[in-house]
Amino acid sequence: DATDGEIEIIDIKFKDDVLEYEYLTPPSQSKLNGKKSEGASSTMKTWLKVDGDSFKGALSSGEASEFDFSVTGQRVSK
């Protein structure tokens, strides 16, 4: 992204129209209010249901996370 550049994917799977991937947590996502979060996970994991050019799912910031983030998006053609 514009803040951290490319993310490093460490695991990726696609089965039954679900895209699952795990990546190393970028610096900007490991901070809360500009400070490194205690207990911040070193990885993030997402599960996305793919439907044509759209996807919808969740992003988790680790096993100790108290909540997940909702993710939606659409493929952009160049």
Side-chain angles (χ1 to χ4, degrees):
D1 69 7
T3 304
D4 295 307
E6 292 185 17
I7 60 174
E8 185 176 343
I9 303 292
I10 57 176
D11 189 32
I12 188 166
K13 298 173 186 156
F14 186 74
K15 184 178 180 183
D16 299 327
D17 295 327
V18 175
L19 174 62
E20 176 184 333
Y21 63 93
E22 187 171 7
Y23 61 95
L24 296 178
T25 304
S28 68
Q29 293 181 13
S30 64
K31 296 178 181 176
L32 182 61
N33 297 325
K35 298 178 183 176
K36 178 136 176 105
S37 301
E38 277 208 32
S41 176
S42 61
T43 64
M44 307 283 279
K45 194 168 194 175
T46 188
W47 301 266
L48 303 170
K49 178 71 173 172
V50 178
D51 184 15
D53 287 342
S54 300
F55 59 84
K56 186 176 186 177
L59 171 69
S60 174
S61 59
E63 293 177 13
S65 177
E66 295 180 14
F67 56 90
D68 293 337
F69 301 93
S70 177
V71 178
T72 59
Q74 185 171 333
R75 181 197 316 224
V76 178
S77 299
K78 289 188 176 186

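Just so it is clear, the values below take in all heavy atoms, side chains as well, and ignore hydrogens, waters and symmetry mates.
- Val76 places none of its side-chain heavy atoms less than 4.5 Å from the side chain of Asp53.
- For Asp11, the side-chain hydrogen bond (donor to acceptor under 3.5 Å, both in side chains) criterion is met by no residue, not counting sequence neighbours.
- Linking Ile, Leu, Val, Met, Phe, Trp and Tyr whenever their side-chain heavy atoms come within less than 4.5 Å puts Ile7 and Met44 in one cluster.
- No side-chain heavy atom of Phe69 sits less than 4.5 Å from a side-chain heavy atom of Thr46.
- Under a cut-off of 6.0 angstrom, the local environment of NZ in Lys56 is sparse, with at most 12 non-hydrogen atoms contributed by other residues, nucleotides or ligands.
- Annotation: side chain to side chain contact (heavy atoms under 4.5 Å, CB included) contacts of Leu24 (sequence neighbours excluded): Glu8, Ile10, Thr43.
- Counting heavy atoms from C-beta outward, Val71 and Phe55 have side chains that approach closer than 4.5 Å.
- Annotation for Asp4 and Pro27: closest pair OD1-CD, 3.6 Å, computed over non-hydrogen atoms.
- Note: Ser42 OG to Glu22 CD = 8.0 Å, rounded to the nearest 0.5 Å.
- When the shell of 6.0 Å around CG of Asp51 is examined, it contains 12 or fewer heavy atoms from other residues, nucleotides or ligands.
- One finds the CG atom of Leu59 at 8.5 Å from the CG atom of Leu48 (value rounded to the nearest 0.5 Å).
- For the atom pair NZ (Lys13) and CH2 (Trp47), the distance works out to 10.5 Å, reported to the nearest 0.5 Å.
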